[in-house]
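Below: the structure, in structure tokens.
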Number of protein chains: 2
Amino acid sequence: MKSQPRPTLHDVAAQAGVSIATVSRVLNGGARIRPETAQRVQEVVRALGFRPNRMGRDLRRGQSRAVGVLLPTLANPVFADSVSGIQEAAREAGWTVLITSSDYDPAQERAAMEGLLAERVAGLIVTVADAERSPTLDALDEAGQPYVLFHNESPFPERASVAVDNEAAGADAARALIAQGHRRLAMVAGRFLASDRSRRRHRGFMQAVAQAGLPAPALIEADFNAEAAAALGGVFTASGRPTGLFCSNDLLALRTIAGLRALGLAVPGDVSVIGMDGINVGQLISPSLASIVQPAREMGRRAFLHLLARLAEASPPAQIRLSHRYRPGQSLAAATPQE
Amino acid sequence: MKSQPRPTLHDVAAQAGVSIATVSRVLNGGARIRPETAQRVQEVVRALGFRPNRMGRDLRRGQSRAVGVLLPTLANPVFADSVSGIQEAAREAGWTVLITSSDYDPAQERAAMEGLLAERVAGLIVTVADAERSPTLDALDEAGQPYVLFHNESPFPERASVAVDNEAAGADAARALIAQGHRRLAMVAGRFLASDRSRRRHRGFMQAVAQAGLPAPALIEADFNAEAAAALGGVFTASGRPTGLFCSNDLLALRTIAGLRALGLAVPGDVSVIGMDGINVGQLISPSLASIVQPAREMGRRAFLHLLARLAEASPPAQIRLSHRYRPGQSLAAATPQE
DNA sequence: GGAAATGATGTAAACGTTTTCATTTTCATA
DNA sequence: TATGAAAATGAAAACGTTTACATCATTTCC
């Protein structure tokens, strides 16, 4: 079955005995049309199953009611959920969403962004590795492309963003561990402190620990792909090993727990672990994962809405901070007194 | 900073002292152009940072080198991975991917599909709840819209599809349990046997069990959102309760295991569990999740490539079956002899 | 009852490309 | 050098919309 040509404005106009301009006006509203004419047109539109051709419309308008989204990966549920939020808000507004992912690779990040620009998206929602030093962002600025940072925070106030307060989140993670009596802490970060997210969480974590008068936590950098156990080994064979661990995201926390298990350490028996993101599976597993929860879906919604506002020049760039919250889990238990 | 107007073919043509037709030809290749002219044009293109406007191009071509993807949800990693595969293949081919999700809701499914059609995508990759009875698919057929079923299998050979052999997968799950000495089995499905995937897996599972001469397994329908424990309670309080459980997907398996735990049953101590999909987190948790693995990413790639072939009318509709495989996990252990 | 204002609709240009067809240039051959 | 085929390029139409402007019909007001 070959797809027969879809009806155009001309077909509708001919059938309804009016001009294409009138049809267009009926469809777009806002113009004065005689009610009976409007109704007749509507009927033909329905009868023919007419849908405006987006290409013609966009070309004429000079804008494609589409936003581009650039994320590290969809494999991390926190991003998948964020995307759902974006899509939800976009659908309500009648916009289209183009999604690309960078797999944490700067080259792919740049290429994906170029692709979105070629698509003539009206604006972008981007999560970059490091918003404080990003060629990708510089290129966007230079091109004058409107965008909203997502999950990133920028030191430049003219760069709009939607994120949680990662520094405060790191601090809250520390306090959650400390409140359960943990005194020797450590943080596990992905292969980057080349990530502003990780860095901020780390900074907040360190500050809260220092404020509590505790010794400075070790920082364990564990490559996402390598065996987490290897990286953990160094810190955990030493005497006086940490009893409380903050992992910079939940997926990493799961890997870390698996690594600890491989080392013969029990969670939370020997070590308590808290992650960040609040992914759903964290609550299904045993021990359930304590985490600093990000409102991923809501963040997506807000990012889209803020971008829309920016595009309409209805609002100046804002650095929107949504609030995170601590979700207890079995992976974070009270420190054993003798430790 | 306002985005200044991007250069068009006209700008390039003027600057290079040729006509827009020549520029177009240089860019699209396939036409005979004097090398020196081509080079001059290329230089101007680079200098001006010209990128062809997709709207103009698509409008003229009458086709929007874009494919639409309709999935139940991105929250299930098996779909997120599938999308990555699609995007990867699409990027290589220079196509754009539009993603929508239905959240398992027929109304949203239909609405999302309408949205994609309005977008004038060239073709669709769709996962529907039930491919054997789907108004959505009927509508697509009627509109003459090319599409490829994804994760679905259709009884109609003219409907192209890319999926694993779900029936065989169900059978393999049964055999994996049986091979470990389990004799009393049950299957847990989501809120639907209104899903062809679940039905096929169920059918294969039942057949393999019957073939082994074992009593027919109970079917437990557990709403995804409700407490799985409730649904499980009925089967597991009775004497002679099952020792082997096949869950129709991994996410459901995780929920089920949590439900069993709530009932005071240990996995795999009291009950062995095998899921399906092979999501990554399954290998991070403890006990690790035994599963029938789908090659999600590869399925995505193949779905896109097959759709492309169909669009080019380079191949007739095929029902492509990719092979699944059994991945052992700690959640499936040998049955205790006395059981 | 006529002028002016208002309301409804039509005409045509424009958006940036690709592509058909016509035209010019090039170059080998007679 | 004249001829013509082949190669290179240009002119213009078309894709389906939106919208400024023009036009026509209707009402309103004196």
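Reminder, nothing fancy here: chain letters follow the sequence lines and each chain counts from 1.
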| task | Could you list all the salt bridge (Lys or Arg N to Asp or Glu O under 4.0 Å) pairs where at least one residue sits in residues 52-81 of chain A, not counting sequence neighbours? | result | A/Arg54-B/Glu119

| Residue closer to the 5' end of DNA chain D, B/Gly56 versus A/Arg57 (nearest nucleotide) | B/Gly56

| task | Would you mind building the protein contact string for nucleotides 6-12 of chain C? One character per nucleotide, 5' to 3', B for base within reach (heavy atoms under 4.0 Å), S for sugar-phosphate only, - for untouched. | result | -SSBBB-

| said: Please check: side-chain N/O of A/Arg40 versus main-chain N/O of A/Ala16, any donor-acceptor pairing under 3.5 Å? | reply: yes

| Nearest atoms (heavy-atom pairs only) where B/Ala303 meets B/Val162 | CA-CG2, 3.7 Å

| task | Check whether any side-chain N or O of B/Asp130 sits under 3.5 Å from a backbone N or O of B/Ser195 as a donor-acceptor pair, and report yes or no. | result | no

| Is there a donor-acceptor pair closer than 3.5 Å between any side-chain N or O of B/Thr8 and the backbone N or O of B/His10? | yes

| If you round to the nearest 0.5 Å, how far is CZ of B/Arg301 from CD of B/Gln87? | 12.5 Å

| message | Using a heavy-atom cut-off of 4.0 Å across all strands, would you classify A/Asp58 as base, sugar-phosphate, or nothing? | response | nothing

| request: Tell me what B/Ser24 touches on the nucleic acid: a base, only sugar-phosphate, or nothing, going by heavy atoms under 4.0 Å. | output: base

| query | Can you tell which of B/Ile86, B/Val78, B/Val164, B/Ile320 makes a side-chain contact (heavy atoms from CB on, under 4.5 Å) with B/Met299? | reply | B/Val164

| Between the two ends of the helix from C/dG1-D/dC30 to C/dA30-D/dT1, what is the bend in degrees, rounded to 10 degrees, where each end axis spans five pairs? | 50°

| Just one of B/Asp103, B/Thr100, B/Thr127, B/Val128 clears the side-chain contact (heavy atoms from CB on, under 4.5 Å) bar with B/Leu71, so which one? | B/Thr127

| query | Atom CD1 in B/Ile125, atom OH in B/Tyr147: separation rounded to 0.5 Å? | reply | 13.5 Å

| note | Sorted by chain and residue number, the ring-ring contact (aromatic ring centres under 6.0 Å, His included) partners of B/Phe150 (sequence neighbours excluded) come out as none

| query | Contact boundaries of DNA chain D with chain A (under 4.0 Å, heavy atoms), 5' to 3'? | reply | D/dG16 to D/dA20

| With sequence neighbours excluded, what pairs up with A/His151 under the ring-ring contact (aromatic ring centres under 6.0 Å, His included) test? | A/Phe79

| remark: Rounded to whole Å, CG of B/Leu9 lies from P of C/dT18 at a distance of 6 Å

| message | So, under a plain 3.5 Å distance rule, would you say the side chain of B/Arg60 forms a donor-acceptor pair with the base of C/dT18? | response | yes

